[in-house]
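The model shown is predicted, which means the values in this text are computed figures rather than measured ones. Chain letters run A, B, ... following the sequence lines, proteins first and then strands; every chain starts at 1.
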Number of protein chains: 2
Amino acid sequence: MKKTTTGKAGSRAKPVDTRSLQMADIARMAGVSVSTVSRALSGSALISEKTRTRVEDLARTLNYAVNIGAQNLRLKQNRTIAVVVPYDRSTRQHVSEPFFLSMLGSLADAITDRGYDMLLSRVDADELHAVSKLVRSGRANGIIMIGQWRHHDQLNELAANDFPIVVWGAQLPRQLYCSVGSDNLEGGRLATRHLIASGRKRLVFFGDVDFPEAAMRFEGFKRAHADAGLRVRSELCIKVDFTAESAREATQRLLLSGHSFDGLFACSDLMAVTAINTLAENGHVVPDEVAVVGYDDIELSRHFRPGLTTIRQPLEQAGIALVDSLLAVLDGRQPLPTVLEPVLVERATCVVGAKPPTVAQRGAPGA
Amino acid sequence: MKKTTTGKAGSRAKPVDTRSLQMADIARMAGVSVSTVSRALSGSALISEKTRTRVEDLARTLNYAVNIGAQNLRLKQNRTIAVVVPYDRSTRQHVSEPFFLSMLGSLADAITDRGYDMLLSRVDADELHAVSKLVRSGRANGIIMIGQWRHHDQLNELAANDFPIVVWGAQLPRQLYCSVGSDNLEGGRLATRHLIASGRKRLVFFGDVDFPEAAMRFEGFKRAHADAGLRVRSELCIKVDFTAESAREATQRLLLSGHSFDGLFACSDLMAVTAINTLAENGHVVPDEVAVVGYDDIELSRHFRPGLTTIRQPLEQAGIALVDSLLAVLDGRQPLPTVLEPVLVERATCVVGAKPPTVAQRGAPGA
DNA sequence: ATGAAAGCGCTAACAC
DNA sequence: GTGTTAGCGCTTTCAT
């Protein structure tokens, strides 16, 4: 990092004049009272057309904008929604995970469209109760929480106190808060059914069932097996957390274990992609030897080679559903959880109707 | 999307009780005055240890939090920084572009670390002046603007009025605002030099020089040619905007044009990846026939196959520099623009010391 | 060490 | 139609 010399001169201390225009100023200049200005600017019907235009013109010319803080204080409102991304030290789950970031974009749009502001806040997952402060302190009206969470009880406790929160995630039994999520069971089933339909029989599962989402996907994995009259091989069900490193290790361990397999369902695209790369480095060809289905359909998956077959979560809809549900909660209603339908996106890593798996091809070592 | 029936019952209209605790309540319960509570909670030295603990305990027990809105109004402050992402209809540049999103993560961290709140705001690029309202209305103290912008003059106009804004982007001549950006000229030069060093001589440039960043990278492209005694082939310099579609079209046109080339420098990783895929679909092997260097080092590039050689922008540093610069501006100082050094990340698509390009290999058609 | 009172910039009765 | 007045929930003189 270097500082250049081009640009403005050093640092003359010249405090920014923050004493901006106020309503009183406009009032004085227009020769009316403050309330008249207030009314004129808020489109009250009690104001004469003449005064209104005079005030409006003045305001526009002087570049005046109503002070939202004061307005909110007076109105006891604050059109702000806080989006909270729990920050998990242990998992090192980070805001820059592709999936989170797509979700953020979708939320930003939905929130903006409804005339609200979006506060982005990261809180330590172990300090989750801190989110309530955002609302108690009047910083935001309500909270949208995103993230793999194993915080069911904390959330329930918040919701029990009528705390305005909506969370992205699985719908759980005895849940007091409103959730929006995709149907993870169905997603897991779709993925697994597709693997089976492509002729695979010995399927690996990658995921951390401590997370409700992953647990549901695993459930779908099992159901699909049952539907097809296949049995789940427990030695192929591996606990992998949501990091690339974990997926890499798991894949290596799996290869070393000697268990044979011809298909893999991973609970995130990042896992899937990492597994594919690790397989490739060890001379195994995807999808010829091992078919793979991921989850999320992040940007990456479309550009990855071979194109990743995956389960897409409808994020646009998710953003909208989250925001609308929160607004309903704020309105004193109790919206039902929303379950979005995941869709299978078939690309190259698992194709139905293609040739069946080959145990060893192109003289690939191992397997 | 379907509504499930599990979960809470329908919608009993039961307005959330927003009349939360106030300082007056604490005061009454503690048997002291409001001012005492205020002082106790803000750690004033004039309060007896006994009163302080009593008040603090009470506040903690009752889950009281000071109303930030009122506090800010009184203090004429608001520890909030708005991050603005211009939304460009024509380019369809979207918040979910991987690069923007990484930047957001980095900013969220930097802002949070400094005890500020981050407001995320998208504004139509054609309504750029709207950002000033964020500050005039007291919603935020200052603005950090991210995004490919061709809005130099508008920004200068804002800055001329002492408007607290810092922008991510190239440093331009006669610039009145503070910018933070990577050295795009150097980045372009690094990329091009690497291509040349790997033995390539007929280089393609993909980018839209209407954007200052891309223009500078192109400048670096030209310099590297000059340094190596090569000439830039104008028929290989193609205007491509920051979308995958545009890159795909450009690549196809390029192939149809019949011009031969053995290297490609793309102004974003997304362009690069798309170009590589399009080349592959047409039977051209990267990097054997065409070496490719991208720009940004987004997540994708690490997982893409073959690994994308690219120029990394140091986003962590960028976030920090942006925030610190803005805070300096808010403090009445005039920070100098920051120029971050880009670094070359060598992966597989352009490797120095590898075998020289082959015009046709593995019986690839065309070329 | 504590309290009373004024006021941050705005809105909304309530008068006229 | 417009002005007067009383707060929204807090901090901070200025008294005591």
Self-check item: Rounded distance (Å) that lies between atom P of D:dC10 and atom CG of B:N72
Solution: 12 Å

Quiz item: How close or far is atom P of D:dC8 from atom CE of A:M23, stated in whole angstroms?
Solution: 19 Å

Quiz item: Within the pair A:Y64 and C:dG9, is there a side-chain N or O less than 4.0 Å away from OP1 or OP2?
Solution: no

Quiz item: Pick the nucleotide of DNA chain D nearest each of A:L46 and A:V34; which residue has the one closer to the 5' end?
Solution: A:L46

Quiz item: A:S33 and A:S35: side-chain donor and acceptor closer than 3.5 Å?
Solution: yes

Quiz item: D:dC10 phosphate, OP1 or OP2: any side-chain N/O from B:S38 under 4.0 angstrom?
Solution: no

Practice problem: Enter the distance from B:Y64:OH to B:D25:CG here, rounded to the nearest 0.5 Å. | Solution: 8.5 Å

Quiz item: Just checking A:L75: base, sugar-phosphate only, or nothing, at a heavy-atom cut-off of under 4.0 Å?
Solution: sugar-phosphate

Quiz item: When rounded to the nearest 0.5 angstrom, what is the spacing between CG in A:L176 and CD1 in A:I165?
Solution: 12.5 Å

Quiz prompt | Under-4.0 Å side-chain N/O to phosphate OP1/OP2 contact, A:S48 with D:dT2 | solution = yes

Exercise. Let me know the distance between CZ of B:R139 and P of C:dC10, rounded to the nearest Å.
Key: 13 Å

Self-check item: Spacing of A:I47 atom CD1 relative to D:dG3 atom C1', expressed in whole Å
Solution: 11 Å

Quiz prompt | hbond_proxy A:S35 side chain to D:dT4 base (donor-acceptor, 3.5 Å cutoff) | solution = yes

Quiz item: Just checking B:T51: base, sugar-phosphate only, or nothing, at a heavy-atom cut-off of under 4.0 Å?
Solution: sugar-phosphate

Self-check item: Atom pair CD/CZ of B:Q22 and B:R28 - distance to nearest 0.5 Å
Solution: 9.0 Å

Quiz item: B:R74 has an atom CZ; how far is it from atom P of D:dG7, in whole Å?
Solution: 18 Å

Quiz item: Which nucleotide in the set C:dT2, D:dC10, D:dT2 lies at the smallest distance from any side-chain heavy atom of A:T36?
Solution: D:dT2

Quiz item: At what distance, to the nearest 0.5 angstrom, does CZ of B:R139 lie from CG of B:L119?
Solution: 7.0 Å

Quiz item: B:L73 has an atom CG; how far is it from atom C1' of D:dC8, in whole Å?
Solution: 9 Å

Quiz item: C:dC10 P sits how many Å from A:K76 NZ, rounded?
Solution: 19 Å

Quiz item: Is a donor-acceptor contact shorter than 3.5 angstrom present between the side chain of A:R39 and the base of D:dG3?
Solution: yes

Quiz item: For B:Q71 and D:dT12, what is the distance between atoms CD and P respectively, to the nearest whole Å?
Solution: 9 Å

Exercise. Ignoring backbone atoms, test whether B:S33 places a side-chain nitrogen or oxygen under 4.0 Å from the OP1 or OP2 oxygen of C:dG3.
Key: yes

